[in-house]
Every structure is written in structure tokens, then in C-alpha cells.
Amino acid sequence: MTTYAMTVSTQVKSANTETDIKFHSGKENRETYAHENKNIDLERSHLNVEFDFHSREELLEAHYGDWVRKHDMQNNSAKRRYGSVEGYLATFEGNEVLGKEKNVRWATVSQMTYVGDKETIGELWEDLSEAGATDEMLIQAYSEGYREYVEKHNETFPMLPIYHSDIHFDESTPHGHDAIVVMAVTDKTPKGKDGKPTDSFNTALGMKYGYKLHNKEKMRLYREENDKLAFDSILGALQKVGEAKGMPFDTEIVRTGQTFSLDLNNYKIVKDEVRDAVGEREDELNDLEMKLSGREAELEERISGIDDKAAALAQREADVTGREARAKEKQDELDEQDKAMAEREAAVAAREAAVALSEDAKKKELSAKYWKGFRYGAKTVLAMSAHPDMATTKSLREQVTPNLAVKFTATDKDAHIVTRVREAGERVKRAQAKTTTQEQTKNNDGPQR
């Protein structure tokens with residue numbers, strides 16, 4: 001019976017999971033997005049498979065909902081209340097990315113799972129095909145095994161539920177992209193209070209393996225346990241195909257030295273049984289071939305990462321272009337408003353000038369009318385005051401007073417008239433005084449008894 005030695009690789013990273021799924025989707029964007037990964041065969045993209053296991057929103061609500069509501073009830077200040085799970089997550093979701101959308105990385109991580117590499121899984125795939133298994137049968141078996149793996153993963157790691165998986169069969173090595181909502185809870189406080197919900201992957205592993213364990217050790221334990229779940233489920237499904245086609249086979253898992261968020265490197269054989277009687281030199285050659293396979297897998301991962309960055313950059317460039325266009329449109333709008341405002345200001349200034357000119361003209365017109373009337377009255381007074389007999393009349397006493405024209409400001413042209421009117425008034429007063437004296441004298445000289 002042939003034994004196939006397979007590597008297993010689990011890579012975990014914090015990510016904008018929605019964007020990862022969007023640009024890796026085998027159903028939506030494979031043909032529309034310009035991937036730089038040359039290993040993608042678009043003619044096989046229709047073979048890619050997607051699974052939904054949970055609702056991301058429901059997982060977030062289940063993880064944070066009670067804590068948010070309890071927090072809001074304990075805070076009277078509206079500014080300190082979150083209002084909803086979305087409101088709470090928005091406080092640490094980061095800056096805007098990809099244009100108008102917020103960075104939805106909070107509470108999620110992205111995981112990539114490989115069972116075998118291009119050479120080893122390729123050899124098994126080819127042997128099963130020669131035994132009579134069709135491509136569709138192998139893809140179906142791999143997919144069913146992957147679904148079984150995710151279900152076992154979610155049972156084993158309930159604090160790290162995978163809610164969506166995207167399996168790619170259009171690249172050199174079949175692999176899965178998993179979206180995980182981190183449902184971790186911190187350790188109890190020194191005072192014994194319960195922990196707080198968090199999105200820390202290491203804290204989630206602490207719930208499984210112990211909070212005080214070193215993060216690298218927790219990740220090593222997670223990889224060993226998770227990798228075995230994937231290995232047993234996927235290769236177990238393919239073994240059933242081999243048995244059905246009369247080609248039973250055995251498998252061995254090959255461990256790697258990969259740590260959290262690092263790519264494949266430095267292959268290390270865990271089981272000494274992999275070595276055979278060919279000799280030490282052949283062992284060294286096998287080890288070198290494994291290292292080369294690891295480098296190939298690493299390169300594929302790097303290319304996939306570049307795809308992500310290129311996609312994000314393209315979106316950002318498109319957003320910058322859009323923002324520039326909107327800024328230019330806004331600037332043009334403001335320029336038009338400035339122009340309209342300047343025209344209105346000019347019109348108002350013109351109206352103010354016209355009103356001032358009109359008021360000045362009216363003042364001059366009234367002044368001219370006043371002085372015309374004043375001159376006419378002054379001439380009349382002068383004429384009346386020149387006649388001595390009229391000085392005693394009541395009408396003249398009422399019309400001519402010593403203060404005539406004092407409250408008006410005469411021009412140089414009319415100053416002489418004002419002076420003459422004042423002099424006439426003085427003559428009238430003297431005439432009145434004289435008349436009064438004569439009347440008194442006459443009364444005093446009247447008949448005596």
C-alpha cells in the first residue's frame with residue numbers, strides 16, 4: 001500500500017476579512033478582478049466551492065450584545081453609551097479604508113488552510129485519476145472533507161467559529177480561505193470579576209490552552225490540533241474515493257516549523273518512519289525536495305498576499321480619484337458661489353451709492369427751497385421794518401423777533417441777508433420800545449382830578 005506524506009499548513013492573520021473573501025471569491029470576482037497570481041486558472045474557477053456556516057452579524061451580537069447593553073445601562077452619559085454592538089465595534093474599527101467603507105477587521109481573522117502541496121497532493125490527485133476517479137469526484141470529496149473539517153474545528157474551538165469558507169481548485173494547490181469571528185473572553189480580574197469580550201486571537205487560544213501560556217506555545221498547540229483535524233477530514237474523504245476505485249492508500253502528516261502568521265519554511269520531518277532504506281543521501285535529497293516544495297508554497301502565499309495588497313491599492317487609487325473629482329466639483333461650486341456673492345455685493349454697493357446720491361440731491365433740493373423761502377421772507381421783513389408806522393402792528397411783532405434766522409447756518413452768499421434781518425429786528429424792537437414809552441407818558445399826563 002502506498003503511503004503519501006503530506007504537509008499541513010494553517011496560516012492565521014488579522015485582516016479585513018470581508019475584503020479577503022471578496023477578492024478571493026471563486027464565484028464572484030475571479031474573472032472580474034485582475035489577479036497577479038499566474039497560478040490561477042480562470043477556466044477552472046467555476047469549480048471553486050463556498051460554504052456559509054454562521055451569520056457573522058449574529059456571532060458578533062452573541063459575543064458583544066449583553067456586554068454592550070450592560071455597559072449602556074451603567075452609564076447615564078449619552079456620549080459614553082454605545083447604543084448597539086455596531087456602535088461599540090466602531091470605536092476600535094480603525095480609519096476608513098477602501099474608499100467609503102469602514103475597515104471591518106474588528107473581531108475577525110482570516111485563515112488559510114493547505115493540506116499537501118503542489119507536488120504531494122498533485123501526485124495523489126494524479127494517481128486517483130489514473131485509478132478512474134474523475135475531477136468532479138475528487139473535488140466533491142475534497143469539499144466534503146473540508147466541510148467536515150470546519151464543523152470539527154467549530155466544535156473543538158467554539159471561541160474561534162469559522163463562519164465562511166472559500167475553497168479554491170483553480171490554483172496549483174487546493175486550499176481554503178476561512179473567515180473567523182473571534183469570540184474570546186479575557187481572564188478574570190484579580191478581584192474575581194468576569195472577563196471582558198475581546199477580539200484577541202491569543203486570548204481565544206488562552207481560553208483553550210491556558211491564559212498564562214506563551215503565545216507561541218499556544219499557537220503551536222493550536223496548529224497541531226487544527227492541522228490534524230484538516231488532515232484527517234480531507235484525506236479521509238479522498239481515501240474513501242481510493243477504496244471505491246480499488247486504490248487504497250495510507251497517509252502521514254508532515255509537520256513544519258511555521259509559527260503564527262509566518263509562511264512555510266524549514267520543513268522538519270516529525271516521524272522517523274518516513275526515512276527508508278535508500279540511504280542517508282536519499283534522505284537528504286528528500287528533505288531538500290520538501291524544502292523546495294515549502295518554498296513553492298511560500299511563494300504561492302506571497303503571490304496571494306500581493307493580490308490582496310494590489311486589490312486594496314486599486315480600490316484606494318479609485319477612491320482617491322473619486323475624492324479628487326468630488327473635491328474639484330465642490331471647489332467649482334464654491335467658486336460659483338463666490339462669483340455670485342461678489343456680484344451681489346457689487347449690486348448692493350451700487351444701490352447704496354445710488355441711495356446716497358439721491359439723499360444728497362434731496363438735501364440740496366430742500367436746502368435750495370428753504371433758502372429761497374428764507375430770502376423771500378427776509379425781504380418782506382426788511383420792507384416792513386423800513387416803515388415806522390408798521391412797527392406797532394401785532395402781525396409784525398409776531399413775525400419779527402430778535403432770534404430770527406439764528407438757528408440756521410447761512411452760506412457766505414446769504415450771510416449778508418441774515419445780518420440785515422437781525423438789524424431789522426433790532427430796529428423793530430427799538431420802535432416798539434419807543435411806542436411803549438410814548439403810550440406810558442401819555443397815560444401819565446392824563447386829566448387830574
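Just the heavy atoms: all of them, side chains too, but no hydrogens, waters or symmetry mates, feed the values below.
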If you compare all heavy atoms of Ala237 against all heavy atoms of Ala141, which two are closest, and at what distance to 0.1 Å? CB-O, 3.2 Å
Chi angles and distances behind the side-chain hydrogen bond (donor to acceptor under 3.5 Å, both in side chains) call for Tyr146, Asp178: CA-CA 11 Å; Tyr146 203 95; Asp178 306 315; 3.0 Å; yes
Separation between OG of Ser9 and CZ of Arg223, rounded to the nearest 0.5 Å: 6.0 Å
So for atom CD, which belongs to Glu58, do other residues, nucleotides or ligands contribute more than 12 heavy atoms lying within a distance under 6.0 Å? no
Assess the side chains of Glu136 and Gln140: does a donor N or O sit below 3.5 Å from an acceptor N or O? no
For a quick test of reading the model, state the closest non-hydrogen atom pair linking Gly116 to Met6 and the distance between them. CA-SD, 3.8 Å
Quick one, Leu60 with Val181, criterion side chain to side chain contact (heavy atoms under 4.5 Å, CB included). Give me CA distance, side-chain angles, the key distance, then yes/no. CA-CA 7 Å; Leu60 291 172; Val181 168; 4.0 Å; yes
For salt bridge (Lys or Arg N to Asp or Glu O under 4.0 Å), just list the numbers for Asp319 and Arg316, CA-CA rounded to whole Å, side-chain angles, deciding distance to a tenth of an Å, and then say yes or no. CA-CA 5 Å; Asp319 177 59; Arg316 291 178 64 185; over 6 Å; no
Stepwise side chain to side chain contact (heavy atoms under 4.5 Å, CB included) check, Tyr64 with Tyr82: CA-CA 11 Å; Tyr64 293 102; Tyr82 299 118; over 6 Å; no
Taking the side chain as every heavy atom from C-beta outward, state whether Asp66 and Lys70 have any pair of such atoms under 4.5 Å apart. no
For a quick test of reading the model, state the closest non-hydrogen atom pair linking Met207 to Ala184 and the distance between them. SD-CA, 3.6 Å
One pair to check against side-chain hydrogen bond (donor to acceptor under 3.5 Å, both in side chains): Asp227 and Tyr222. What are the steps and the verdict? CA-CA 8 Å; Asp227 289 356; Tyr222 170 74; over 6 Å; no
Taking C-beta and beyond as the side chain, do Glu126 and Glu123 meet within less than 4.5 Å on heavy atoms? no
Would a 4.5 Å heavy-atom cut-off, applied to side chains only, mark Ile139 and Trp125 as touching? yes
For the pair Glu324 and Lys330, evaluate salt bridge (Lys or Arg N to Asp or Glu O under 4.0 Å) and give the outcome as yes or no after the intermediate values. CA-CA 10 Å; Glu324 288 177 345; Lys330 187 65 175 179; over 6 Å; no
Within the 6.0 Å centroid threshold, strictly below: Tyr163 and Phe51: no
If a pair satisfies ring-ring contact (aromatic ring centres under 6.0 Å, His included) and one of its residues is in residues 317-350, list it, with sequence neighbours excluded. none
4.5 Å side-chain heavy-atom contact, Gln337 and Met341: no
side-chain contact (heavy atoms from CB on, under 4.5 Å), paired with Tyr114, selected from Val8, Thr173, Ile121: Thr173
Say whether, by atom type as modelled, one donor and one acceptor occur between the side chain of Asn154 and the main chain of Ile162 under 3.5 angstrom. yes
Salt-bridge contact Asp72-Arg69 (side-chain N to carboxylate O under 4.0 Å): no
What do you reckon, is CD of Glu130 surrounded by more than 12 foreign heavy atoms closer than 6.0 Å? yes
Hey, what do you get for OG1 (Thr198) to CE (Met159), rounding to the nearest 0.5 Å? 13.5 Å
Mind checking whether Val182 and Leu160 have side chains closer than 4.5 Å, heavy atoms only? yes
State, to 0.1 Å, how close Glu50 and Asp166 come at their nearest heavy-atom pair, and which atoms those are. CG-OD1, 3.1 Å
To the nearest 0.5 Å, atom OG1 of Thr156 lies from atom NZ of Lys228 at 11.0 Å
Under the side-chain hydrogen bond (donor to acceptor under 3.5 Å, both in side chains) rule, what do Glu225 and Tyr209 come out as? Steps first, then yes or no, please. CA-CA 11 Å; Glu225 193 168 358; Tyr209 302 113; 2.7 Å; yes
Looking at Ala354, is its backbone amide N or carbonyl O close enough to the side chain of Ser358 to form a donor-acceptor pair, meaning the two atoms are under 3.5 Å apart? no
Under 3.5 Å, is there a donor-acceptor pair between the side chain of Asp52 and the main chain of His164? no
Shortest non-hydrogen contact between Pro174 and Tyr142, atoms and distance: O-OH, 3.3 Å
Correct closest heavy-atom pair for Pro158 and Glu155 would be CD-O, 3.7 Å
Tell me, which pairs form a side-chain hydrogen bond (donor to acceptor under 3.5 Å, both in side chains) where one or both residues lie in residues 234-243, sequence neighbours left out? none
Donor-acceptor pair, distance only, cut-off 3.5 Å: does the side chain of Asn48 make one with the backbone of Phe169? yes
Donor-acceptor contact present, side-chain His168 to main-chain Asp170, <3.5 Å: no
Rounded distance [0.5 Å steps], CG in Leu213 versus CG in Leu221: 6.0 Å
For Asp127 and Met247: C-alpha separation, side-chain torsions, deciding distance, then whether side chain to side chain contact (heavy atoms under 4.5 Å, CB included) applies. CA-CA 9 Å; Asp127 291 345; Met247 194 199 95; 3.9 Å; yes
Test salt bridge (Lys or Arg N to Asp or Glu O under 4.0 Å) on Asp332 and Lys328 and set out the steps. CA-CA 6 Å; Asp332 292 342; Lys328 179 62 169 59; 2.9 Å; yes
Euclidean distance, Leu238 CG relative to Tyr4 OH, rounded to 0.5 Å: 11.0 Å
Under a 4.5 Å cut-off applied to non-hydrogen side-chain atoms, are Asn202 and Ser200 in contact? yes
Answer yes or no: is there a donor N or O on one side and an acceptor on the other, between the side chain of Thr120 and the main chain of Asp117, under 3.5 Å? yes
Using atom types as modelled and distance alone, determine if a side-chain donor or acceptor of Lys245 lies under 3.5 Å from a backbone N or O of Leu128. no
Heavy-atom donor-acceptor pair, Arg44 side chain to Glu171 backbone, under 3.5 Å: no
Below 4.5 Å, heavy atoms only, C-beta onward: do Val68 and Ser84 meet side chain to side chain? no
Spatial distance of atom CZ (Phe249) from atom CG (Leu124) [nearest 0.5 Å]: 4.5 Å
Could you walk me through whether Arg147 and Glu144 pass salt bridge (Lys or Arg N to Asp or Glu O under 4.0 Å), step by step? CA-CA 5 Å; Arg147 175 189 282 275; Glu144 291 176 353; over 6 Å; no
Under 3.5 Å donor-acceptor, His153 side chain and Glu151 backbone: no
Just wondering, do Tyr149 and Thr113 contact through their side chains at under 4.5 Å, heavy atoms? yes
Evaluate the criterion side chain to side chain contact (heavy atoms under 4.5 Å, CB included) for residue pair Trp67 and Tyr88; output intermediate values, then yes/no. CA-CA 10 Å; Trp67 185 89; Tyr88 169 65; 3.5 Å; yes
